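Worksheet for the structure shown next.
In what follows, chains carry the letters A, B, and so on, assigned in the order in which the sequence lines appear, proteins first and then strands, with residues in each chain numbered from 1. The model shown is predicted, which means the values in this text are computed figures rather than measured ones.
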Amino acid sequence: MSGWKPVGPASGWTSMEERVLARWREGDVFRRSVEMRRGADPYVFYEGPPTANGRPGSHHVLSRVFKDIFPRFHTMRGRYVERKAGWDCHGLPVELEVEKQLGISGKPEIEAFGIAEFNARCRESVGEYLDEWERLTERIGFWVDTSEAYRTMDTDYVESVWWSLATLFDAGRVYESDKVVPYCPRCGTALSSHEVAQGYKDVTDPSIYVKFPTGDGLSLLVWTTTPWTLPANQAAAINPSVDYAVVVAGDERLVMAEALVPAVMGDDAVIERVMPASELAGMEYAPPFDLIPGRHVVVMSDFVTTEDGTGIVHIAPAFGEDDMGAAREHGLDAPNPVDRQGLFSATVPLAEGQFVKDADRLLIDDLTTRGRVLREKPYEHSYPHCWRCSTPLLYYAKPSWYIRTTEVRDRMLELNASVGWHPEHVRDGRFGRWLEGNIDWAISRERYWGTPLPFWRCGDCNEVTAIGSFAQLRERATVEVPDDLDPHRPWVDDIPVRCPCGGTAHRVPEVADVWFDSGAMPFAQHHHPFGGPDDLSGRFPADFVCEALDQTRGWFYSLLAEGTLLFDEAPYRNVVCLGLILDADGQKMSKSKGNVVEPWTVIDHAGADAFRWYLFTAQSPWESFRFSLDVVDETRRRFLFTLWNTYAFLVTYASLPDGWSPGDASPPVDERPAMDRWALSRLDATVEHVTARLVDYDPTAAGRALEDLVDDLSNWYVRTSRRRFWRSDDRADTAAAFATLHECLTTIALLVAPFCPFVADEMWDNLVAVHDSSAAPSVHLADWPAPGGRRDEDLEQAMAAAMEATTLGRSARKEAKLKVRQPLAEAVIACPPATARALEGLSGIVAEELNVRAVRFVTDAGGLVEVSLKPNYRTLGPRMGKEMPAMAQTVAALDATAAVTALDAGQSVTVSVNGVEQVLHDEDLLREVRPTEGYAVAEGGALAVGLATDITPELEMEGLARDLVRAIQTARRAADLKVEDRIVLHLDGSARIREAIDAHREWIAGEVLATDLTVGHGVPFTPLHREDGELDAEPVAISLSLA
RNA sequence: GGGCGAUUAGCUCAGGUGGUUAGAGCGCAUCCCUGAUAAGGAUGAGGUCCCAGGUUCGAGUCCUGGAUCGCCCA
């Protein structure tokens, strides 16, 4: 009654995953894994909401599996881990998609179409790919509760956002101001700095050196890359601490910063005179276009640099932040000849109705005609574009709503300091620097599909009232508010409220920045504060969030800003940053390049576990991934198939009729062979290490430790222990082997569970659950393992030496062209005495691996071994300092044999270095040993292995017998026998082969499970299978039948 | 122009606190094993550790400068 399920080949991986998935579904395993820990210490995870109006890509798989591994790990460690999914629903991307569907473009067309219908379409659009998202989420094993997902467009969510905005407004932290903002004329909206950050592109703009004449043939020379701003010019700014030069240029004289003369006018420019900035200040000039009245005067401003240009900056207050600042300082106007669509108004007849960027040419030509342009040159620079529609942004003065984040900047920095960033350098580097340069957060968008700003402005007194809940809205509304209020536009726009002054207030037209929505998720996902006084208890702050590195200025920021403003607390304790997914050549994946690797391709071909393992272990998660199907495939072969084969090996032999079951008695660990104790020691070490690394948010190192363990288990433990699993002459030993391997694989299933939840659960099911109804029915309902206290570092070191000796022995065999099947008389291992003592207990393993009759250790310095010495820099370096090279020479000149003899006798060696006596101990000298002549030798540092190369007739016979066994095993397989089938066997062959059979008859019969073995010409039975072949160029015939 | 990060074998990546001969996988070459077999394994070739200075007895590792690439910001 073994209960084992047969294990298929690793090639059936994806169907295995789907079976496991079905088990989870049927058993409601995810929900149970959460519920099981209810009441325990919560571990708080926040899902950064993706927008589901596009298909999920491989980069989404990256973030989703990282979001999965830590909650799974901490669940197994006993924490209660709620995992609420979330969807970002609002915003420009959604509007753009709908505009495309409707075949319309721009705000006037949207308004003509109707906001109500437009927003209804947006609401539909955000769910368009929800099914595919949920299907992928499930298939990659990302356990998150999609049935209870929060959606930023939900009424409750919007109400929480209103609460937060009203709270900030009432605290005086919201203001409206005319500011120059990055503005997309196509979308008709201002962009936040983190949106601007996403749209930089390298473009070539026309740049010109323009002359601003001041009379008498003298002109200020000004450089600009935005000629279209010149009609709005109001002033020219100079740096107060810079000297300016007058340069002769033909019959003209040009003013510019002295330091920039060579760069602008060449090295042989003639400087007429140099003056301090103060001499220029207040000077008036003729504006480039005499269309708009203004003072057109030289002002002094610190922001002017001499890094490029001419050191004189043209000031158009409506089109630059610095310009606006200078205008305020010097009392200048801020005329704006450009409308909201980015088109010139009638103020500039020359370019009326033209898009500003397109008007550059026209304006430059006009200036050139009038002799105002010194030079024109194309200028390549990085310029911000709209992150969705790619229109070049304009810096443009307009009223906007702001949150005074600058007031809490220092507090944000303080709170940030306590966050565990991964990688650490983001805290003070990328993110910290960004926070230091914090500017007030522009939160308003003049759009449609978003959380409406809950601000109402009175038509009488102009005061603004913030509404923080729907109840408050109902209370103050002058009209009936429906029970099923949709708090979106246009419905809320039609609800006026009473102003305290007695007048009627109407909602301001703007909606909120979508980043404010997502930053509100810690409280809005739970409808705080409307869910009662404890609605955030155990839910704030998060222990862990995780997104791609580009979110530093996005979600990571909006979370921190809102956490600080509203709760005076960092909203997360740990942040894991993720890198970009690139193609195999390191290029960004993009549809236009056609180099996108679809997640489904990877999953269908390699499976989710392989996909996950690759992402977790390929490299530090915050580096870019050079991603392709091939690298996932390689990962899968290397780790998952090795693990699977080891697992399949155990199950195959355990399920044989006289196999093994987990309940069977097995010897206590300290009575098991060294190999078993070694495996368990390695297991305990790995449990400890993997746990520590995962606690520290480092799945890469954790995964690599698991790879090492699985490799050790497969390529050393199983390799050297194979026969123990099917030799039944020592039941206790077989049971020890099974129990050891079973425990290793069971524990590995637990350790692998957060990484590769499918294979882990499949293994757990077959190794544990099917045998023991009291055990956890799924690995994901089990507890994380603890080390079993069986660590034996001496044994681990000794085993490492045994592996090394085996490697060297194989190298020596290769050197001597002696195949492994040919037994040899002896291997001589030359090593220091301590190593020899450690290795002695393992010499049987080494002997078997090297196929030698005996292993002999040679440690003395005489006869068989040559010793040479090297200084141990690690111990001697600090002691000797500058004398170290002299010491190295002294050691090299030492009589190594005598020194080693003394050291082995427990004595020290005294040498003289530059006249000073130095006492050397065993640890100060490193030995290199090698056997002397007569052996095939390979050496590696402190170990050398020699093989006796003489093959006696007896060894030759044994080698032949082994060849014969191999041939018979091949014949067995050719006859399609099961591994446990008994056979009757008849052999025939040359005299030499018959001699080998005679010498090893019993052994051969035992190896191939022959109950009867005959030799000679006539076959005494009707063979099921017959094979004629050659062995060592001599004929051999094998006939066999079932016994 | 500034900030952050990266640069180690043909490719993908490891290399606490400086210390003997810089490692692994893939690929390649040559082989082995055949009771894990639609598998497995070994040995080997392959490296100016981006460059140049500096600190040090000793630098892939620390410092300075530079180059190239990436991300972010002006």
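- Near-neighbour residues of RNA chain B inside residues 711-721 of chain A, defined by a heavy atom below 4.0 Å, number-ordered: A:Ser714, A:Asn715, A:Val718, A:Arg719.
- Regarding contacts with the backbone of B:rU37, every side-chain N or O of A:Arg973 stays at 4.0 angstrom or more from both OP1 and OP2.
- The CD atom of A:Glu848 sits 15 Å away from the P atom of B:rC33 (whole-angstrom rounding).
- Judged by distance alone, with hydrogens and angles left aside, the side-chain atoms of A:Glu1027 form no donor-acceptor pair with the main-chain N or O of A:Ile968 at under 3.5 Å.
- Listed by chain and residue number, nothing satisfies the side-chain hydrogen bond (donor to acceptor under 3.5 Å, both in side chains) test with A:Tyr395 (two or more places apart in sequence, or in another chain).
- The base of B:rU30 lies close enough to the side chain of A:Lys814 for a donor and an acceptor atom to sit less than 3.5 Å apart.
- At B:rU43, one or more side-chain N or O atoms of A:Thr807 fall inside 4.0 Å of OP1 or OP2 (strictly under the cut-off).
- Taking atom CG of residue A:Leu435 and atom P of nucleotide B:rC4, one finds them 15 Å apart after rounding to whole Å.
- Residues A:Thr406 and A:Asp440 have side chains that bring a donor and an acceptor to within less than 3.5 angstrom of each other.
- Regarding contacts with the backbone of B:rU34, every side-chain N or O of A:Gln969 stays at 4.0 angstrom or more from both OP1 and OP2.
- Counting non-hydrogen atoms under 4.0 angstrom, A:Arg430 reaches a base of the nucleic acid.
- The aromatic rings of A:Tyr614 and A:Phe627 lie tilted to each other, with the angle between the two planes from 30° to 60°.
- Taking only side-chain nitrogens and oxygens, A:Arg626 comes nearer than 4.0 Å to OP1 or OP2 of B:rU12.
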